[in-house]
Amino acid sequence: MESLRFGPLPDRPDLDVAVALTRLLHEDFVARGTRHDERMNDEEVVLAVKAHRAVLERLGLEPPQLPFRHHSGFYDYWRKNDMSGGGGWQARRECIEELLGPTRQALEDLQEAEYEWRFKNGPRGTFKNLIFAAIGPKPQIVLRDAVSNEVEIVRNAENCLVYRDPLPLQGLTWRQMVTWWQAHHMPDSEEREAADALYRRLYRSLDSLPEQTVLRTYCARYAEPDGFDLPALIPQVYLHYDPYTRKSGGHSGALHRERMDFLLLAPDRSRIVIEVDGAHHYGIKNPTGADGRTTYAASPRLYSEMVAEDRRLRLAGYEIYRFGGWELTRPDSPQLISDFFTELLTRHKKPTP
């Protein structure tokens, strides 16, 4: 406490320290005013108040003007200001909240400003909607309102899912996806029942064994404690709709990746794309051999289109990871996938200031 008056701690940012000291003083004064089980004595409270003031001033914030210096002073203050008697406990709590609440709010605003600063180089644009998990014929999409960027599916809408709810700061969790599914598809269901139905619907959109292995392995995490608060793994997400340039042979503006295999909207606001590459991603199918086997010939054109699209997405702020389909058919593929997601989720937690 004493050293904080003369400068920041070497291993703790002042913002973290200010939040902790505000909480400590609030809890200790409330404890003194209600339960008389405070942790600090008067001398320690004086040091804490001085340290608190110094740290707030370094952060450019106005320290709270406490009308007392320690617990004994708080006791004298509430006796002189009609905070004794039957309703005294609540009055003392409100007194401490009135004195320290504005400081806590100012620190939360500062935390949020720093949090926003950390994402200034994140993905461009604002989240509008997700079109995903199509089964059968692909949806046909039109731009209904170009001013509001409002899209509408005019054909095969029943074959896909569309998520239009606001995206919270902490990304899109499995719990939020289940809540959305309940509201729009199973309003009378329990959370677990809706979660099971949503998982089965997402699984049906995948016809590749490697992709099914990825979804099945990741979604097993939802059954763990706090698993519903993990980022949702969203399959077959439409990235763009390009019905014209793709048909105009060799057009330089063609967008070659219409769908992403999987998308994670992480707590740190990263947009993470996961692709599972079968041979058709980088090769052209050969005529079926006499033995009935299907083989592919490497195609420099297909490979170039794939990596060019990766570059475009990365420059737009997406993070891309690729699996080869072959590696996901090995006996150890579930462990490989699980280890990958463990490291990925650790890397993309919401940052602390």
Side-chain angles (χ1 to χ4, degrees), residues 1-120 168-171 173 175 225-226 228-229 267-269 346 348-353:
M1 293 291 187
E2 188 67 27
S3 64
L4 282 169
R5 296 173 59 193
F6 303 102
L9 298 179
D11 58 344
R12 291 288 187 274
D14 271 344
L15 184 53
D16 283 2
V17 173
V19 170
L21 284 175
T22 303
R23 184 181 303 119
L24 173 64
L25 289 171
H26 190 286
E27 292 177 355
D28 230 49
F29 278 123
V30 168
R32 172 61 176 171
T34 56
R35 305 181 302 275
H36 297 284
D37 61 350
E38 63 274 9
R39 290 171 291 179
M40 295 186 289
N41 59 35
D42 279 357
E43 183 179 353
E44 291 167 338
V45 173
V46 170
L47 288 175
V49 169
K50 290 180 178 179
H52 189 236
R53 181 183 300 115
V55 174
L56 290 174
E57 288 175 346
R58 285 199 294 271
L59 291 170
L61 299 178
E62 183 71 25
Q65 301 302 311
L66 300 178
F68 40 80
R69 299 177 62 247
H70 41 55
H71 288 321
S72 298
F74 181 36
Y75 174 74
D76 293 337
Y77 181 80
W78 88 57
R79 292 188 64 190
K80 293 176 182 178
N81 288 274
D82 298 323
M83 298 183 196
S84 300
W89 284 18
Q90 183 61 31
R92 294 167 215 161
R93 288 194 187 96
E94 291 173 355
C95 171
I96 297 303
E97 176 61 26
E98 183 177 338
L99 291 169
L100 291 174
T103 299
R104 184 180 61 245
Q105 183 61 54
L107 289 168
E108 289 176 358
D109 292 343
L110 196 57
Q111 282 183 311
E112 186 60 28
E114 183 164 330
Y115 180 71
E116 293 287 346
W117 177 85
R118 287 168 181 262
F119 298 104
K120 64 182 180 181
L169 290 177
Q170 67 272 22
T173 67
R175 188 182 306 280
D226 300 323
F228 271 42
D229 296 315
D268 66 352
R269 298 190 188 177
T346 299
H348 287 283
K349 291 180 178 179
K350 177 178 178 178
T352 55

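Note that the numbering runs from 1 along the sequence shown for the chain. When reading the values below, keep in mind they use all heavy atoms of this one structure, side chains included, and skip hydrogens, waters and symmetry mates.
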Q: Determine whether Arg92 and Phe29 make a side-chain contact, defined as any pair of heavy atoms from C-beta on separated by less than 4.5 Å.
A: no

Q: Mind jotting down which residue pairs meet the salt bridge (Lys or Arg N to Asp or Glu O under 4.0 Å) criterion with at least one end in residues 56-66? Sequence neighbours excluded, please.
A: Asp14-Arg58

Q: Check Thr103, Leu99, Ile96 against His26 for a side-chain contact (heavy atoms from CB on, under 4.5 Å) and give me the one that passes.
A: Ile96

Q. Minimum heavy-atom separation for Leu15 to Gln111, with atom names?
A. CD2-CG, 3.8 Å

(Q) Please give me the minimum heavy-atom distance between Pro64 and Leu100, naming the atom from each residue. (A) CG-CD2, 3.8 Å

(Q) For Glu98, is the CD atom crowded, meaning more than 12 foreign heavy atoms sit under 6.0 Å from it? (A) no

Q.
Within the structure provided, determine whether Arg69 and Phe74 are in side-chain contact (heavy-atom separation under 4.5 Å).
A. no

Q: Indicate the atoms forming the closest heavy-atom contact of Met83 with Tyr77, along with that distance.
A: CE-CE2, 3.9 Å

Q: Mind checking the NE2-CZ spacing from His70 to Arg32? Nearest 0.5 Å is all I need.
A: 10.5 Å

**Q.** Side chain proximity check, Met40 to Leu25, heavy atoms < 4.5 angstrom
**A.** yes

**Q.** For the student: nearest non-hydrogen atoms of Gly73 and Phe68, plus distance
**A.** C-CB, 3.5 Å

Q: With the side chain counted from C-beta on, respond yes when Leu56 and Leu107 share a heavy-atom pair under 4.5 Å apart, and no when they do not.
A: yes

Q. Taking only residues two or more places apart in sequence, or in another chain, which ones meet Arg12 in a salt bridge (charged side-chain N to carboxylate O under 4.0 Å, His left out)?
A. none

For residues 43-54, which side-chain N or O atoms pair as donor and acceptor with protein atoms under 3.5 Å away, sequence neighbours left out?
from	atom 1	to	atom 2	distance (Å)
Glu44	OE1	Asn41	N	3.0
His52	NE2	Thr22	OG1	2.8

Q. Do Arg23 and Arg104 touch side chain to side chain, with heavy atoms closer than 4.5 Å?
A. no

